[in-house]
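So the structure is just underneath, and the comments pick up after that.
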Amino acid sequence: MITVTIDGKTIEAAEGSTIIAAAEAVGIYIPHLCHSDGFAPYGACRMCIVEVEGMRGLPTACTIKVADGMVVRNDCDKVNKVRRMICEMLVADHPLTCLTCMANMRCGLQKVASYLGIQESRLKRLEREPVVDESNPFYIRDMSKCIMCGLCVRSCNELRSIGAIDIAGRGYESRIAAFNDAPIADSPCVSCGECVDNCPVSALWAKNETVPPDTETRTICPYCGCGCGLVLGTRSGKIVSIRGDKTNPASHGSLCVKGRFGLDFVGDETRLTRPLIRRKGKLEEADWEEALSLIVDRIGIIKKQHGPDALAGFSSAKCTNEENYVFQKFVRAAIGTNNVDHCARLCHASTVAGLARAFGSGAMTNSMDELENADCILVTGSNTTEAHPIIGMKIMNAVKSGKTKLIVADPRRIDLVEFSELHIRQRSGTDVALFNAMMNVIISEELYDKEFVLARTEDFDVLRDCVKDCTPDWAEQITGIPAEDIRASARLYATAERGSIVYSMGITQHTTGTDNVLALANLSMLTGNIGRLSTGVNPLRGQNNVQGACDLGALPNVYTGYQKVDDPDIQKKFEQAWGVKLSSQAGLTITEIINGAADGRIKGLYIMGENPMLSDPNINHVREALNKLDFLIVQDIFLTETAELADVVLPAASFAEKDGTFTSTERRVQRVRSAVPAPGEARQDWEIICDVATRLGFDMSYSHPVEIMDEIASVTPIYGGISFDRIEKIGLQWPCPDKKHEGTMFLHEGTFKRGRGKFHPTPFIEAKEIPDKEYPLLLTTGRYLYHFHTRTMTGRSKGLEELCPPVPVEIHPDDAVKFGVKDGDNVEIKSRRGEIKATAKVTERSRKGSVFIAFHFREGPANALTIDATDPVAKIPEYKVCAVNLHVS
Amino acid sequence: MNYEQLKEKALVDWRNFSNPDTARILIGTGTCGLAAGAGDLIDIIKDYVRKRHVDAQVCDTGCLGLCYAEPLVELRKPGAPAILFGRLNPENITECLENYFENNKWDDPNALAIMEGDSINSIPYFRDLPMIRGQVRIASRNFGIINPENINHYIARDGYAGLAKSLKLSHEDVITEVKASGLRGRGGAGFPTGIKWEFCRNAPGNKKYMICNGDEGDPGAFMDRSVLESDPHAVIEGMTIAAYAIGADEGYIYVRAEYPLAIKRLEKAIKDALDMNLVGKSILGSKFSFDIHIKKGAGAFVCGEETALIASIEGKRGMPKSRPPFPAQSGLFNKPSNINNVETLANIPFILRNGSSEFAENGTEKSRGTKTFALTGRITRTGLIEVPLGITLREIIFDIGGGIPDGKKFKAVQTGGPSGGCIPCDLLDLPVDYEKLAEAGAIMGSGGMVVMDESTCMVDIARYFISFTQSESCGKCVPCRLGTRQMMLILDSITRGDAKVDDINLLIELGETIRLGSLCGLGQTAPNPVLTTIKYYKDEYEQHIINRICPAGSCSNLLTYEIDKKKCIGCTACAKACPVDAISGKPKEVHAIDQEECTRCGSCFDVCKFEAVKKS
């Protein structure tokens with residue numbers, strides 16, 4: 001710390017901070033308009049000019065760094081005289097409609113004008129025509145209110161790397177504009193709202209923000225696994241504003257369109273508010289007592305007649321850690337079976353299986369912020385900017401900083417390709433061939449990290465034998481990637497000081513999903529790119545709490561913290577902790593449970609917050625299976641496609657109505673806080689489950705999730721040090737074994753979880769169903785930015801619906817010609833399992849010979865087409881490859 | 001090939017070109033010459049040479065600086081003096097050629113000066129021309145002498161000798177030499193060039209950039225264009241020496257896209273220099289490599305500011321950034337970068353070749369060397385001149401420029417473009433150096449010098465410059481974006497006659513705020529034309545405001561047009577010309593102007609052949 005004097009007051013300041021930051025830190029106000037935390041110094045508004053002894057002129061406090069002994073004059077006549085005239089210039093160019101302005105009392109210009117005591121401007125009023133652009137569904141741009149502070153442009157370019165807007169024109173005609181002054185809706189704007197959040201006046205304003213909040217609650221976004229911090233502004237039990245939480249250590253205040261504008265579902269009229277019971281084939285409202293009694297009776301009967309293993313439960317990656325813990329405890333202890341699973345089976349089962357084998361732990365090895373310091377990032381099978389926008393943003397920023405080279409290995413021409421050094425476009429399902437060939441190059445050109453391989457790994461010989469014939473030329477034949485590009489990619493990744501691999505469903509959702517993951521693990525170990533800062537193998541988790549649901553044992557083979565159910569010591573430990581006898585037999589996975597229901601082995605199913613009727617492969621088969629059940633319980637916030645088939649539907653609280661924790665993709669356990677009351681009679685999931693368990697004779701009672709977390713910590717070594725107190729401000733990253741542990745930024749430093757990292761052979765195997773004469777196109781599935789999963793939440797936002805109406809099928813222009821399809825045509829797509837209707841979108845994003853359909857839409861469910869073939873180890877279905885045919889309707 | 005070998009070869013080419021025993025026609029084809037019609041002359045000359053079987057080579061050259069006499073053609077033949085002809089056109093060129101080549105008749109009315117050879121009574125030597133006599137040509141020494149597209153001409157006249165010498169010195173010694181010369185930035189601000197180089201040299205980092213600023217944007221300024229068109233290798237050599245000194249291996253020349261000829265000649269020059277290993281890899285066999293790129297600017301005035309220029313090269317919108325960090329610490333692509341103006345760099349070869357002390361012989365103690373100026377406005381001899389610093393404004397305007405034409409009185413000279421100020425008659429004996437001009441409220445600037453006579457309204461001039469800066473402001477900082485707008489609106493109202501006396505104080509306060517509050521140098525100096533005119537011509541402002549009179553008779557809103565009854569013969573020309581039918585009167589009777597209807601457009605004044613329309 002150094003000392004600085006501001007207006008005669010001596011303060012301590014951090015070295016390297018700007019004058020304005022040092023002043024703000026001790027509560028001294030220096031007027032400003034264009035400065036904001038998290039942005040590079042800009043120096044445009046000139047409001048923060050100060051006098052600094054020994055410096056010429058009036059430097060700006062936002063651009064000058066403090067020095068020891070510096071003497072600054074801020075609130076003095078000489079400075080304020082200049083500021084006042086500058087402020088008068090702005091006031092003369094700004095509508096004086098403060099009382100009817102949304103920013104009234106919150107306006108940056110108002111604050112500055114008031115501080116300087118501006119009474120009237122002696123200058124000529126510059127009347128500008130109001131230019132209001134309402135083309136974006138979520139926000140208004142009124143450029144007559146713009147003060148040209150540039151925060152929106154800097155948000156869009158500096159923070160988000162989108163570049164939808166910039167300053168156009170010169171002099172008085174300078175203005176913020178999309179290219180060619182087009183409406184913002186016709187720009188590359190992704191509606192992240194970062195600009196709206198940072199506008200100090202109301203030139204940019206969220207359409208749904210009509211009154212200021214009276215309370216603000218910090219919580220975590222309920223969409224993907226990035227774990228972004230939200231600040232929910234509420235009033236009279238309703239959410240009235242949404243901001244990014246600048247204190248969040250991963251998102252630093254950023255949000256994507258879904259987090260910032262897509263929370264309409266919370267207050268949606270169609271939320272479930274009372275339990276429903278099926279009577280004479282129809283779901284009718286009932287009271288809780290009746291619904292719970294019915295559930296307890298029917299579970300009791302099935303258990304008695306068919307044994308506990310005839311029952312199963314789907315836990316939820318949308319629910320809190322505490323709720324997942326309670327749910328798996330309920331299934332294991334109250335029902336007595338390990339038949340508990342959740343949708344991680346469908347997304348990262350192969351990650352958990354693969355990385356556990358190779359490293360001993362199946363989670364993202366490094367942290368989100370570390371990406372910004374990687375020398376090379378290999379992104380494969382992840383459309384990061386759409387599925388994990390905040391991580392996508394970090395990758396784009398890393399590339400833009402000039403430090404990082406990006407390789408995109410993806411069949412689709414995703415947006416990140418714009419930022420990549422190399423785009424290698426493998427045929428879907430041939431990832432192993434590509435990675436093996438890269439390793440072939442790395443070994444034959446001796447680019448591998450011999451020291452690391454020797455000191456930290458085992459079975460290198462096995463790997464070398466496996467890839468020795470996998471030359472780039474061989475791989476070119478299989479993947480379709482030019483051999484030279486494979487070599488270039490291998491060299492780029494292998495020679496990086498810090499190489500990071502980022503992947504997602506494009507890797508995991510294959511019948512060779514586990515092999516794909518193992519091959520990536522091999523690649524990282526071979527080059528020593530693991531166990532260090534900004535390296536690693538980083539699976540991106542797709543749900544807000546899918547990491548937590550896995551961690552908390554919502555898996556058929558493990559208790560919390562990946563403690564195996566078939567380990568007698570572990571079983572004993574949990575039997576003691578829970579005071580009940582437990583099954584030592586691993587349970588069934590989601591896909592096995594569905595098949596079990598179809599063939600009659602499973603009689604009763606309790607689904608908490610999942611929608612397999614859209615999310616699971618081959619949904620015609622899922623429907624048959626669910627219909628065959630004796631009893632189906634669905635607990636959700638909406639009457640989903642799955643709930644429509646249930647015998648009892650229980651209304652649950654949404655994320656905004658509950659307390660607890662979510663664990664983000666970077667293993668960070670973060671606090672979720674209730675901001676509004678649940679609608680009607682809806683209850684928090686953990687309360688409902690505890691009630692059911694207790695009625696079944698297994699006493700489960702907690703007064704608050706804080707108690708559940710304490711119990712979790714007591715039985716879960718990786719969560720051993722976590723408590724609500726410790727994560728009040730900033731979440732901790734597991735492993736966090738004890739109360740003094742600071743959490744773990746990246747895994748496997750010095751030694752792997754399993755000791756030595758293990759190389760596994762991964763011979764190339766073709767996907768289960770590849771295109772043929774009858775079904776000549778390859779279908780691959782995924783997500784869009786504007787929707788989430790089965791659209792249960794995003795489908796309730798008019799704006800998101802407007803930005804992404806159902807159901808596009810992306811097809812390459814060459815294929816479009818071949819199949820006689822034009823952009824916008826209605827088409828029918830057919831596989832061996834089903835048929836859907838969609839609208840053709842002719843684009844080079846799709847690889848030649850492949851079509852892409854997102855799985856969000858009930859109007860054209862992609863999973864009616866997908867194949868339910870699974871990976872033999874992880875049981876994950878092959879969503880990414882199946883064969884289809886297409887014709888114009 | 002080493003430098004001596006290159007020079008040997010170049011001399012052959014040069015001797016061939018400059019041999020007095022051959023016939024040669026040299027045409028000034030800079031943009032100035034072309035604008036005056038040199039392009040048409042080339043065809044006629046070539047035609048003439050072919051048809052009349054004159055054995056003369058026809059060559060392009062750059063700008064001799066005598067803009068007032070463009071287009072210029074120099075004729076030479078064995079046994080006769082080489083003569084420079086001016087003010088040629090398609091009508092008189094053939095006669096001029098015939099007189100010279102066929103009739104041995106030298107005293108053509110268009111003959112301006114003898115370039116070489118025996119004296120002739122009626123024609124002065126070039127060096128004795130009044131416009132040339134006071135000049136010292138260093139940066140412009142090759143202008144109009146060599147073919148700028150022939151690298152051998154440049155080398156033959158000791159070009160690249162400075163580079164060859166530098167490469168044998170240490171980086172530090174090169175910087176020491178430039179520091180000792182006292183050379184200051186010719187772009188306007190006058191920062192000592194050697195010290196600037198030293199900052200960049202000392203900045204940590206392996207990758208550095210050397211940038212040449214050719215974004216000449218001041219109205220009426222064309223010094224850089226002339227250098228780039230007339231002697232591009234001087235800039236390339238200067239830049240390469242600078243790159244060697246600071247340790248840069250890559251450079252950019254930022255030049256306006258509106259200078260197509262300069263770009264064309266630069267491209268050719270860079271290619272030729274590459275071919276001769278004077279830039280590129282391992283220059284002249286040394287370990288030093290330097291690549292040069294050309295970046296075309298899109299015509300934003302603000303891109304002449306260093307940090308905005310850097311942003312523009314990076315592909316961003318050209319907007320200045322706050323300093324620190326200075327470009328020498330973190331410039332282009334965040335690497336240490338050095339930026340010098342075209343003219344600054346054109347002086348470098350001389351300093352290294354002839355030594356700093358020879359350079360420092362010219363100029364004043366703090367302002368060493370020479371400076372080019374673009375002399376324009378109400379002056380007899382417009383043109384491009386290079387004079388030793390310390391020369392007085394009077395010498396420039398009256399001796400070199402020949403004073404004010406049409407018998408009018410000198411009123412002011414504006415230096416430094418929109419950032420500069422207007423200097424009044426009282427200060428004509430002001431020595432031209434960085435400090436003295438600043439004391440007078442003006443700046444040296446890049447070299448624009450606009451002369452005004454008594455018919456120029458100073459309020460209108462101030463309004464012109466502020467309207468230029470307000471429309472060229474990048475818009476980033478508030479004082480420059482909105483403050484200049486407010487000043488322009490006030491000046492508008494003064495020239496319209498609806499301002500208040502207080503507005504002068506408001507102008508001063510706005511000007512002070514913009515000066516103190518703006519982000520970059522362009523904003524900080526933007527009020528100068530207004531503040532200096534208020535300082536020296538306040539009465540003229542007051543006349544506009546209080547008496548609603550424009551003393552120069554230039555602000556149309558403040559004029560009244562009346563018909564002199566004694567002179568009017570009733571020809572009806574004025575009534576026909578009046579666009580609003582404000583003039584009445586029968587043919588052959590005295591006409592009258594209805595002052596209520598009159599829009600003061602001046603049409604009647606222009607058409608009256610009897611001086612019967614009076615403007616007041």
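Per chain, numbering begins at 1; letters A, B, ... match sequence-line order.
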(message) A quick test of your reading: do over 12 heavy atoms of other residues, nucleotides or ligands sit less than 6.0 Å from NZ of B/K538?
(response) no

(message) Counting only heavy atoms not in B/K208 (residues, nucleotides, ligands), do more than 12 fall under 6.0 Å from its NZ?
(response) yes

(request) Might you work through the salt bridge (charged side-chain N to carboxylate O under 4.0 Å, His left out) test for A/K81 and B/E512, ending with a clear yes or no? (result) CA-CA 10 Å; A/K81 187 176 179 224; B/E512 282 300 310; over 6 Å; no

(request) Ignoring hydrogens and angles, tell me if any N or O in the side chain of A/R46 forms a donor-acceptor pair with the backbone of B/S518 under 3.5 Å. (result) yes

(message) Would you say that A/M89 contacts B/T513 through its side chain, given a criterion of any heavy-atom pair below 4.5 Å between the two side chains?
(response) yes

(request) Take atom CZ of A/F179 as the centre, draw a 6.0 Å sphere, and report whether it contains more than 12 heavy atoms from other residues, nucleotides or ligands. (result) no

(request) Indicate yes or no: at least one non-hydrogen side-chain atom of A/L123 is less than 4.5 angstrom from one of B/L510. (result) yes

(message) In the structure I gave you, are the side-chain heavy atoms of A/M85 and B/L506 within less than 4.5 Å of one another anywhere?
(response) yes

(message) Can you confirm whether more than 12 heavy atoms, excluding those of B/E542, are under 6.0 Å from its CD atom?
(response) yes

(request) Begin from the C-alpha positions of A/I86 and B/L482 and carry the test side-chain contact (heavy atoms from CB on, under 4.5 Å) through to its verdict. (result) CA-CA 8 Å; A/I86 297 172; B/L482 296 176; over 6 Å; no

(request) For B/S471 and A/R170, work out which heavy atoms get closest and say how close. (result) O-CB, 3.4 Å

(message) Please rank A/L58, A/I167, A/T60 by heavy-atom pairs under 4.5 Å with chain B and give me the top one.
(response) A/I167

(request) Report, as yes or no, whether the 6.0 Å neighbourhood of atom NZ on A/K400 holds more than 12 heavy atoms from other residues, nucleotides or ligands. (result) yes

(message) Using 0.5 Å steps for rounding, measure from the CG atom of B/L489 to the CZ atom of A/R125.
(response) 13.0 Å

(request) Report the option among B/M488, B/R485, B/Q524 that has the most heavy-atom pairs separated by less than 4.5 Å from atoms of chain A. (result) B/R485

(message) Give me the atom names and distance for the closest heavy-atom approach of A/C45 to B/V478.
(response) O-CG2, 3.7 Å

(message) Are more than 12 heavy atoms, taken from residues, nucleotides or ligands other than A/D68, located less than 6.0 Å from that residue's CG atom?
(response) yes

(message) side-chain contact (heavy atoms from CB on, under 4.5 Å), that's the test. Do B/R481 and A/Y172 meet it? Break it down for me.
(response) CA-CA 6 Å; B/R481 180 178 80 246; A/Y172 177 66; 5.6 Å; no

(message) Heavy-atom pairs under 4.5 Å with chain A - which of B/Q486, B/E472, B/E509, B/K316 has more of them than the others?
(response) B/Q486

(request) Kindly check if the number of other-residue, nucleotide or ligand heavy atoms within 6.0 Å of CD (B/E435) is above 12? (result) yes

(message) Quick check for you: to the nearest 0.5 Å, what is the distance between A/Y42 atom OH and B/M319 atom CE?
(response) 3.5 Å

(request) Would you name the heavy atoms of A/S174 and B/S473 that are closest together and state the gap between them? (result) OG-O, 4.5 Å

(request) Pick one of side chain, backbone, both or neither for A/I64, based on which atoms fall under 4.5 Å of a heavy atom in chain B. (result) side chain

(request) Among B/R515, B/K321, B/K476, single out the residue with the greatest number of heavy-atom pairs under 4.5 Å to chain A. (result) B/K476

(request) Sort out for me which of B/R317, B/Q470, B/R323 touches chain A most, counting heavy-atom pairs under 4.5 Å. (result) B/R317

